[in-house]
Asker: 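Mind having a look at this structure? Questions to follow.
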Protein chains: 2
Amino acid sequence: MASAFLRKLVSAGESRNALPAEDRDLVLSVCDDVRPCGARRDIISEGDRPDYVHLMIEGWSCRYKILPDGSRQITAFLVPGDFCDVHVTLFDQMDHNIGALSDSRVAFISRARMSRLMERPRIARALWWSGLVDEAVLRSWIVNLGRRDAFERVGHLICEMHARLRNVGLAQDGAFTMPLTQEELGDATGLTPVHVNRTLRRLREEQLATFNRQRIFIPDVGILREAVSFDPNYLHLPSQV
Amino acid sequence: MASAFLRKLVSAGESRNALPAEDRDLVLSVCDDVRPCGARRDIISEGDRPDYVHLMIEGWSCRYKILPDGSRQITAFLVPGDFCDVHVTLFDQMDHNIGALSDSRVAFISRARMSRLMERPRIARALWWSGLVDEAVLRSWIVNLGRRDAFERVGHLICEMHARLRNVGLAQDGAFTMPLTQEELGDATGLTPVHVNRTLRRLREEQLATFNRQRIFIPDVGILREAVSFDPNYLHLPSQV
DNA sequence: CGGAAGATTGAGAGTTCTCAATGCCTGTGG
DNA sequence: CCACAGGCATTGAGAACTCTCAATCTTCCG
């Protein structure tokens, strides 16, 4: 049920040993309130002061902001094992939205339970760690948007999601499910859907990656990474492969 | 000496009362190892495993990454009161660089002292809070780069730095010192220096802001904010003005 | 005074966007 | 089982924004 989350906890930090059984049990018991969220529905909206912390169990969601002119910028993708809002507990209100991209299942964790979770040093440390990774991902997106062209941006995003999903057991060697439309891809990469389409065509033509019916195929991960200059070090993953 | 830092601590959080005297004294004593850093010198480099946490006391620095083609992307500006690397203590190594932009003074804080600081609930909470703000700023930069044109990007950055500097007492009503070249502005906004120049000209012609010899003047902050759709809520500042 | 870094401007090239049309796939209703 | 509607993907063509290259000007400093 919360297996992606467990995998993520284990991979976060230098000591890559399995979690103590009691930690494991606590995690599982704390994730017993799982609720479905339909695609395109908001999990949390700007201005909310949520009572629960939300953890992705299944499906993808995203952080996003809507601009005055109606355009949207996605600032992060959240996949199983990712927390939506550990941080916001401190703020008076959310300063951005989180919306489900596909039909998802989300664990609702009360503050009390969250505190109990944070009392375990191993878990607290792993959560702290993955918060830092989230921040590193934000920086890498800034680099992407600021200094790379459409081709590298889209390729880079594909590489990142592949690496992150592998880490929680949701990607095979060079294939994974990406439940996004080309428009959503554009909202994340700062491109128009039309240009995303042309970019995906180029990736396909150069046999670097294909995107068809929500499935990504990467013939050779090493070659794609090379082509778009993707270096996974910022994700601070175990194997770095 | 660490007055910007103190101001920032006070402003971070809902309770905007002055810091208890003992907290104040601790902060001051912990910031007694202040070292100069010349402009354009790195404070910390990618791959480092720093022994100290670094706190900006005077001057500006920036986080940045160099890409394979030699271009640079700045992912954050650090001004007095900002920590450079609270977070990295957990990671094995820095995944980006921090470089001084102007002649600066930086406090070196050992891990032991840092722990002592974090034992004070009020301070720990304020640091946690400002870490969250840093993250919100990263998201806002992503929105900036992804969905705004050059004019809004530069204007938005000016508004942000103005608000942040006001918060620590380093900006007047509509004026502050910004020790950047147009090239550095471009590295932060994802533009070329040439285009930054044209953009600044437009801001000047429309009487929204001028940038001359490292001084920014904003005739009317409200009008500028309106023109570039800047909403300071993501900074979670006290007055929001 | 001379040199170097940074700012400014012009002109042409390139990437990405906008607008618009067409094609494809899926689910629904007859 | 088929027709149709709606959402999404795909393609074309011209416009817009930003970049590149290159020259000139200004400021700062030894």
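These figures come from a predicted structure and were not determined experimentally. Convention: sequence-line order gives letters A, B, ...; per-chain numbering from 1.
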Asker: In this structure, is the centre-to-centre distance between the rings of His54(B) and Phe108(B) below 6.0 Å?
Answerer: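 Judged by ring-centre distance (under 6.0 Å), Phe108(B) and His54(B) do meet the cut-off.
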
Asker: Round to a whole Å and report the spacing from CG of Leu200(B) to C1' of dA7(C).
Answerer: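 Rounding to the nearest Å, CG of Leu200(B) and C1' of dA7(C) are 10 Å apart.
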
Asker: Would a 4.5 Å heavy-atom cut-off, applied to side chains only, mark Arg139(A) and Asp95(B) as touching?
Answerer: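 Arg139(A) reaches Asp95(B) side chain to side chain.
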
Asker: Find the distance Glu152(A):CD to dT15(C):C1' and express it as a whole number of Å.
Answerer: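 These atoms are roughly 13 Å apart.
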
Asker: Would you say Leu165(B) and Trp60(B) make side-chain contact, with heavy atoms under 4.5 Å?
Answerer: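 Yes, their side chains come closer than 4.5 Å.
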
Asker: Using a 4.0 Å heavy-atom cut-off to protein, can you give one letter per nucleotide of nucleotides 14-30 of chain D, 5' to 3': B if the base is in contact, S if only the sugar-phosphate is, - if neither?
Answerer: ----SSBB------S--

Asker: Using the six-membered ring of Tyr52(A), assess whether NZ or CZ of Arg35(A) lies under 6.0 Å from its centre and within 45 degrees of the ring axis.
Answerer: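 The answer is yes; both the distance and angle limits are met.
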
Asker: Can you tell me how far P of dA9(D) sits from CG of Leu203(A), to the nearest Å?
Answerer: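 Distance, rounded to whole Å: 15 Å.
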
Asker: Rounding to an integer number of Å, can you tell me how far Arg201(B) CZ sits from dG6(C) C1'?
Answerer: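 Value for this atom pair: 16 Å.
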
Asker: Please state how far atom CZ in Phe211(A) lies from atom C1' in dC8(D), giving the value in whole angstrom units.
Answerer: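 Rounding to the nearest Å, CZ of Phe211(A) and C1' of dC8(D) are 11 Å apart.
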
Asker: Not counting sequence neighbours, which residues clear side-chain hydrogen bond (donor to acceptor under 3.5 Å, both in side chains) with Arg147(A)? List them please.
Answerer: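 Listed in chain order: Asp187(B).
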
Asker: Near Gln93(A) CD, under 6.0 Å, is it more than 12 heavy atoms from other residues, nucleotides or ligands?
Answerer: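 Enclosed: over 12 neighbouring heavy atoms sit under 6.0 Å from CD of Gln93(A).
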
Asker: Looking at Phe176(B) and Ile158(B), what are the two nearest heavy atoms and their distance?
Answerer: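 Looking at all heavy atoms of both residues, the shortest contact is CZ-O, 3.8 Å.
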
Asker: Considering only heavy atoms from C-beta outward, does the side chain of Leu67(A) approach that of Arg148(B) to under 4.5 Å?
Answerer: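 SC-SC contact between Leu67(A) and Arg148(B) confirmed.
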
Asker: Taking the side chain as every heavy atom from C-beta outward, state whether Val221(B) and His162(B) have any atom pair closer than 4.5 Å.
Answerer: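 Heavy-atom side-chain distance check passes, below 4.5 Å.
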
Asker: Starting from P on dC8(D), measure out to CG on Asn212(A) and report it in whole angstrom.
Answerer: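 Distance check: Asn212(A) CG to dC8(D) P gives 16 Å.
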
Asker: Roughly how many Å is it from CD in Glu183(A) to P in dG6(D), rounded to a whole number?
Answerer: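 Result: 18 Å.
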
Asker: If the cut-off is 4.0 Å, is Asn197(A) near the phosphate of dT10(D), judged by side-chain N/O to OP1 or OP2?
Answerer: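 Yes, because at least one side-chain N or O of Asn197(A) sits under 4.0 Å from OP1 or OP2 of dT10(D).
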
Asker: Work out how much the helix from dC1(C)-dG30(D) to dG30(C)-dC1(D) bends between its end axes, five pairs an end, to the nearest 10 degrees.
Answerer: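 One end's axis against the other's: 30°.
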
Asker: Just how far, in rounded Å, is P of dA7(C) from CD of Gln182(B)?
Answerer: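 Result: 4 Å.
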
